[in-house]
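Have a look at the structure below, then the notes.
Letters go in sequence order (proteins before strands), and every chain restarts at 1.
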There are 2 protein chains.
Amino acid sequence: MLLSKSCEYGLRAALYVSMSEKEGYVPIRVISSDLGMSAHFLTKILQQLTKAGILKSFRGPNGGIALARPASQVALIEVVEAIDGPELFRECMLGLPGCGERQPCPLHNKWMIERERLAALFATTTLDQLADSSEGVGVRLAG
Amino acid sequence: MLLSKSCEYGLRAALYVSMSEKEGYVPIRVISSDLGMSAHFLTKILQQLTKAGILKSFRGPNGGIALARPASQVALIEVVEAIDGPELFRECMLGLPGCGERQPCPLHNKWMIERERLAALFATTTLDQLADSSEGVGVRLAG
DNA sequence: AAGATTTGAGACTCTTTATTCTTAAATACG
DNA sequence: CGTATTTAAGAATAAAGAGTCTCAAATCTT
């Protein structure tokens with residue numbers, strides 16, 4: 001599995017918020033309901049994004065979460081690293097510690113190319129790019 | 001994590017066997033010792049490769065495991081799918097069931113390209129290619 | 001035949017991830 | 001002030017992955 005379940009949920013929720021029309025905070029309950037997730041579980045995941053400075057939250061009536069910055073300034077890699085950590089973009093495919101230029105594993109060179117491409121994809125894609133490309137055209141966030 | 005720990009171990013062991021000079025079966029105990037793994041655990045993992053027809057095994061003294069086919073005819077993807085299953089090369093990055101051409105998730109198009117590249121890498125790379133490229137040049141399989 | 005070696009199979013434990021539940025804190029509104 | 005709403009925090013539970021242990025089956029050697 002490329003991303004953990006928590007990370008999948010976090011990305012989907014972040015995209016949901018990016019695509020949300022209304023100004024102001026979106027209640028987690030609404031997101032979880034629309035995306036078919038447990039509200040409790042999603043709350044926990046989104047707290048990580050809040051702590052990472054990607055989201056901001058507000059308690060009480062009319063509260064919820066919102067992007068802490070414009071969607072155009074949130075790259076996917078921030079969400080992934082806030083939840084799953086940076087390992088995916090750093091680790092050796094065979095799990096060998098210290099695998100690198102100097103002591104490469106047999107797969108190092110090939111995997112590095114793909115790993116860098118993957119990192120670039122996540123680093124250069126922002127929430128608003130995905131939100132924009134998803135308007136209308138049958139793209140969906142829920143199962 | 002891209003590959004499970006079991007899969008990492010399975011790949012490393014398969015590579016070890018491919019690079020093994022001697023004819024005949026290699027005892028799992030020797031592999032596990034050289035690669036720094038638990039023999040019991042490795043045995044369990046290699047059984048999956050034996051059942052998948054990638055390895056053959058032989059019990060008793062002078063027993064062990066060996067490739068069931070020439071290393072030039074074992075693609076990495078066979079090892080990965082025998083242990084982790086085919087999900088990595090099929091699944092939606094956001095975990096949405098039914099994500100595809102017809103109902104793409106926002107990341108579908110971008111991820112599909114990388115996923116296909118990854119699948120191609122695993123499908124076109126064989127054990128002997130890695131073994132050959134690893135002779136001498138400081139490439140290693142153990143931590 | 002007896003004993004040593006090595007894989008096969010399955011139960012078992014431990015750790016991590018996933019998920020749920022409970023309580024507290026902040027906010028809005030009457 | 002009191003109550004409803006909503007996130008925060010952390011305990012508790014469930015499920016999956018990782019790793020260990022025990023015993024059985026096959027094979028070789030003596």
Are any non-hydrogen side-chain atoms of B/Ile113 and A/Arg117 less than 4.5 angstrom apart?
-> yes

Specify the separation, in whole Å, of atom CG of A/Asn62 and atom P of D/dT6.
-> 8 Å

Quick one: do B/Leu15 and B/Val30 end up in the same hydrophobic cluster if we chain Ile, Leu, Val, Met, Phe, Trp and Tyr together by side-chain heavy atoms under 4.5 Å apart?
-> yes

Using atom NZ of B/Lys56 as one end and atom C1' of D/dA26 as the other, report the distance to the nearest whole Å.
-> 17 Å

Could you tell me which residues satisfy side-chain contact (heavy atoms from CB on, under 4.5 Å) with B/Leu88, sequence neighbours excluded, listed by chain and number?
-> B/Leu2, B/Leu3, B/Glu91

Under 4.0 Å between a side-chain N/O of A/Arg59 and OP1 or OP2 of D/dA8, yes or no?
-> no

Between A/Leu67 and A/Leu42, is there a shared hydrophobic cluster once you connect ILVMFWY residues whose side-chain heavy atoms come closer than 4.5 Å?
-> yes

Does B/Gly60 or B/Asp84 map to a spot on DNA chain D nearer the 5' end, using the closest nucleotide for each?
-> B/Asp84

Atom CD1 of B/Ile83 and atom P of D/dG17 are separated, to the nearest Å, by 14 Å

B/Ile45 CD1 - D/dG17 C1' separation (whole Å) = 11 Å

DNA chain C-proximal residues of residues 88-96 of chain A, any heavy atom under 4.0 Å = none

Quick one: NE2 on B/His108 to CZ on B/Arg115, what's the gap to the nearest 0.5 Å?
-> 6.5 Å

Rounded distance (nearest 0.5 Å) linking atom CG of A/Leu49 with atom CD of A/Gln47 = 10.0 Å

Is there a path of hydrophobic side-chain contacts, each under 4.5 Å between heavy atoms of I, L, V, M, F, W or Y residues, that connects B/Leu121 with A/Met112?
-> no

On DNA chain C, more 5' by nearest nucleotide between A/Pro61 and A/Met1 is A/Met1

Counting only N and O atoms by type, is there a donor-acceptor contact under 3.5 Å from the side chain of A/Ser33 to the main-chain atoms of A/Arg29?
-> no

Following the transitive rule for hydrophobic clusters with a side-chain heavy-atom cut-off under 4.5 Å over Ile, Leu, Val, Met, Phe, Trp and Tyr, establish whether B/Leu35 and B/Val80 coincide in one cluster.
-> yes

Using the C1' atoms of five pairs at each end, what's the angle between the two axes of the helix from C/dA1-D/dT30 to C/dG30-D/dC1, to 10 degrees?
-> 10°

Residues at least two apart in sequence or cross-chain that pass side-chain contact (heavy atoms from CB on, under 4.5 Å) with B/Ser72, listed by chain then number, are B/Pro70, B/Asp128

Could you give the start and end, 5' to 3', of the contact zone on DNA chain C for chain B, using atoms under 4.0 Å from its heavy atoms?
-> C/dT5 to C/dA11

Reckon B/Tyr25 touches a base, only the sugar-phosphate, or nothing at all at heavy-atom distances under 4.0 Å?
-> nothing

Of B/Phe41 and A/Ile28, whose nearest nucleotide on DNA chain D comes first from the 5' end?
-> A/Ile28

Quick one: is A/Ser57 getting a side-chain N or O under 4.0 Å of the D/dT7 phosphate, OP1 or OP2?
-> no

Which value, rounded to the nearest 0.5 Å, describes the distance between A/Met37 atom CE and A/Ile31 atom CD1?
-> 9.0 Å

What do you reckon, is NZ of B/Lys110 surrounded by more than 12 foreign heavy atoms closer than 6.0 Å?
-> yes

Identify all pairs in which a protein N or O lies below 3.5 Å from an N or O of nucleotides 9-13 of chain D, and state each distance.
residue : atom : partner : partner atom : Å
D/dA11  : N6   : A/Lys44 : NZ           : 3.2

Would you say B/Ser6 and B/Phe41 make side-chain contact, with heavy atoms under 4.5 Å?
-> yes

Could you grab the distance from atom OG1 of B/Thr125 to atom CG of B/Leu76, nearest 0.5 Å is fine?
-> 5.5 Å

Once you round it to whole Å, what is the distance between P of D/dT20 and CG of B/Leu42?
-> 12 Å

